[in-house]
Amino acid sequence: METLTFDSADLAVTEDFLSRAYARMSIGSSAPGAGRARIVRNGVPCVSVDELDLDFEMSYSVTPLGRICLCLVHDGTVRDHSFPGVEDAFGPGDVVMFAPPDLPYSGRICAARYNITMLDPALLGQVASGGPHGDGPVRLTGHRPHSAAAARYLSHAIAHLRDHVLADPAVADQPLIASTAAQHLAATVLATFPNTALTEPAGPDRGDARPATLRRALAFVDDHADQPVTVAEIAAAAHVTVRALQYAFRRHLGTTPLAHLRRVRLAHAHHDLVAADPAGGTTVTEIAARWGFHHAGRFAAEYRKTYRRAPHRTLADG
């Protein structure tokens with residue numbers, strides 16, 4: 001797990017830190033005296049969440065980040081924010097993509113407290129179909145969510161990632177939890193912003209969605225459920241595109257590849273609960289985390305729905 005903290009009232013020191021933590025940039029302030037910048041970051045591979053508090057007005061000009069950078073404003077404003085073809089301003093409650101990963105941007109932070117969530121653009125392709133010309137890179141085509149409801153959903157997903165995964169290093173360092181959390185955030189981003197991912201399979205992909213495809217995918221999931229697995233890797237193992245894989249699961253099982261993977265991991269957690277010695281100190285939380293379930297309440301609810309009893313009862317009777 002990656003963590004960092006920063007607190008300084010020196011503008012030059014702040015610029016140096018921001019250039020190392022994000023991308024090369026220049027900053028400035030017209031306010032008399034030095035303002036204070038406070039930053040806290042927690043992250044896992046491919047995803048990080050930063051909380052920033054700037055108590056002064058700061059202009060910024062940033063080179064391309066190479067990552068998807070989401071901004072959720074808590075207090076204050078971001079003004080004159082622009083990148084090629086776009087100029088906008090954001091206030092409390094707004095959640096936006098600062099700029100496409102390959103474009104520079106600039107603007108002004110006006111005494112704002114805000115959240116920066118960054119993710120590897122490749123994550124989008126791991127959870128979605130490719131663009132119109134195949135399983136190529138998936139891109140976001142708008143910087144604002146397509147609805148207020150979508151914006152709220154993304155805000156809640158970011159808060160959940162920050163407060164329930166990244167807040168506890170012992171949780172965040174579980175490989176399956178980190179992988180699942182990153183993929184869930186990527187899927188939420190795709191559900192929030194306009195993008196190039198296709199939602200329906202083309203003719204060849206429909207033809208590839210055969211039972212044999214499904215058998216190969218199911219076998220791969222069964223053999224790799226204890227490892228971080230992406231939809232793209234399952235598709236590769238089945239020798240089809242991501243679109244064809246998703247269509248095969250929907251057509252033959254009425255579910256998605258990730259939902260099926262979650263059910264397989266739940267079955268493994270159930271097996272471990274049954275096999276565990278209740279006097280040996282093993283806990284439900286420990287077993288759940290081992291199989292990628294980081295939220296104890298949600299794991300218990302999902303477990304009860306499937307096995308008709310609470311997980312702690314299974315452990316106690318083991």
Side-chain angles (χ1 to χ4, degrees), residues 1-3 40 42-49 51 117 119 123 126-127 152-188 191 217-231 233-234 249 253-318:
M1 179 172 171
E2 175 193 9
T3 62
V40 176
N42 291 304
V44 293
C46 300
V47 176
S48 62
V49 177
E51 292 293 338
T117 301
L119 60 154
L123 280 172
Q126 292 175 7
V127 300
R152 287 192 297 271
Y153 182 57
L154 177 59
S155 298
H156 292 157
I158 291 172
H160 179 81
L161 175 66
R162 179 194 63 201
D163 298 338
H164 297 286
V165 178
L166 300 180
D168 186 346
V171 172
D173 285 339
Q174 294 279 348
L176 295 190
I177 288 179
S179 172
T180 301
Q183 290 186 69
H184 178 261
L185 179 63
T188 305
L218 294 177
F220 181 82
V221 169
D222 287 342
D223 291 342
H224 297 82
D226 61 339
Q227 303 169 30
V229 174
T230 68
V231 176
E233 289 170 338
I234 300 172
F249 270 82
L253 297 180
T255 188
T256 68
L258 286 182
H260 175 75
L261 175 61
R262 188 174 181 86
R263 282 199 292 269
V264 170
R265 287 173 174 166
L266 183 66
H268 280 288
H270 171 68
H271 177 272
D272 286 357
L273 287 168
V274 171
D277 179 359
T282 301
T283 66
V284 171
T285 300
E286 175 187 340
I287 291 175
R290 182 187 307 157
W291 291 103
F293 299 92
H294 63 273
H295 193 285
R298 292 182 181 179
F299 171 74
E302 193 167 344
Y303 186 91
R304 281 194 299 268
K305 182 178 179 181
T306 302
Y307 295 102
R308 306 299 181 186
R309 67 188 319 206
H312 74 270
R313 292 305 314 159
T314 301
L315 179 62
D317 296 340

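Since this is a predicted model, take the numbers as computed values, not measurements.
- Summarising the local packing, OH of Y307 is surrounded by more than 12 heavy atoms from other residues, nucleotides or ligands at distances under 6.0 Å.
- In this structure, L176 and A225 approach most closely via the heavy-atom pair CD1-O, 3.7 Å.
- H184 contributes atom NE2, which lies 14.0 Å from atom CD1 of I177 (distance to the nearest 0.5 angstrom).
- Evaluation of the side chain to side chain donor-acceptor pair (under 3.5 Å) test over residues 256-266, restricted to residues two or more places apart or in two chains, returns T180-R265, T255-R263, R262-E302.
- The nearest pair of heavy atoms linking A217 to I234 is CB-CG2, 3.8 Å.
- D173 contributes a side-chain N or O that, together with a main-chain N or O of M1, makes up a donor-acceptor pair within less than 3.5 Å.
- Note that the CG atom of L218 and the CG atom of D223 stand 11.0 Å from one another [nearest 0.5 Å].
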(request) I would like to know whether V40 and T3 meet side chain to side chain contact (heavy atoms under 4.5 Å, CB included); could you show each step before the answer? (result) CA-CA 8 Å; V40 176; T3 62; over 6 Å; no
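- Of all heavy-atom pairs spanning V165 and A172, the tightest one is O-CB, 3.5 Å.
- Between H294 and H160, the gap from one ring centroid to the other is short of 6.0 Å.
- Taking both residues in full, the closest heavy atoms of L315 and A276 are given as CD1-CB, 3.5 Å, listed atom of the first, atom of the second, then distance.
- Among residues two or more places apart in sequence or in another chain, the side-chain hydrogen bond (donor to acceptor under 3.5 Å, both in side chains) test is passed with S48 by none.
- Two residues are said to be in side-chain contact when any heavy atoms from C-beta on lie closer than 4.5 Å; V47 and L123 meet this criterion.
- With a 4.5 Å cut-off on side-chain heavy atoms, I158 and L185 count as touching.
- Within the 4.5 Å cutoff, the side chain of T283 has no heavy atoms near those of the I287 side chain.
- In this structure, OG1 on T314 lies 6.0 Å from NE2 on H270, to the nearest 0.5 angstrom.
- Taken to the nearest 0.5 Å, the NE2 atom of H312 stands 9.0 Å off from the CG atom of D317.
- The backbone N or O of Q227 lies less than 3.5 Å from no partner atom in the side chain of H224, so there is not a single donor-acceptor pair.
- The structure places CZ of F249 at 9.5 Å from CG of L258, a figure rounded to the nearest 0.5 Å.
- The shortest distance between side-chain heavy atoms of S179 and V229 does not fall below 4.5 Å.
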(request) Any chance you could lay out the side chain to side chain contact (heavy atoms under 4.5 Å, CB included) test for T230 and V127, step after step, and finish with the verdict? (result) CA-CA 7 Å; T230 68; V127 300; over 6 Å; no
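- At a threshold of 4.5 Å between non-hydrogen side-chain atoms, the residues L273 and Y303 count as touching.
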(message) Set out, in order, the CA-CA distance, both residues' side-chain angles and the distance that settles side chain to side chain contact (heavy atoms under 4.5 Å, CB included) for E233 and Q126, then state yes or no.
(response) CA-CA 8 Å; E233 289 170 338; Q126 292 175 7; over 6 Å; no
(request) Report the C-alpha distance between V49 and N42 in whole Å, list the side-chain angles of each, state the deciding distance to 0.1 Å, and finish with yes or no for side chain to side chain contact (heavy atoms under 4.5 Å, CB included). (result) CA-CA 6 Å; V49 177; N42 291 304; 5.8 Å; no
(message) Would D226 and W291 count as a side chain to side chain donor-acceptor pair (under 3.5 Å) here? Give the steps.
(response) CA-CA 7 Å; D226 61 339; W291 291 103; over 6 Å; no
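- Of all non-hydrogen atoms in L161 and A181, the two that sit nearest each other are CD1-CB, 3.8 Å.
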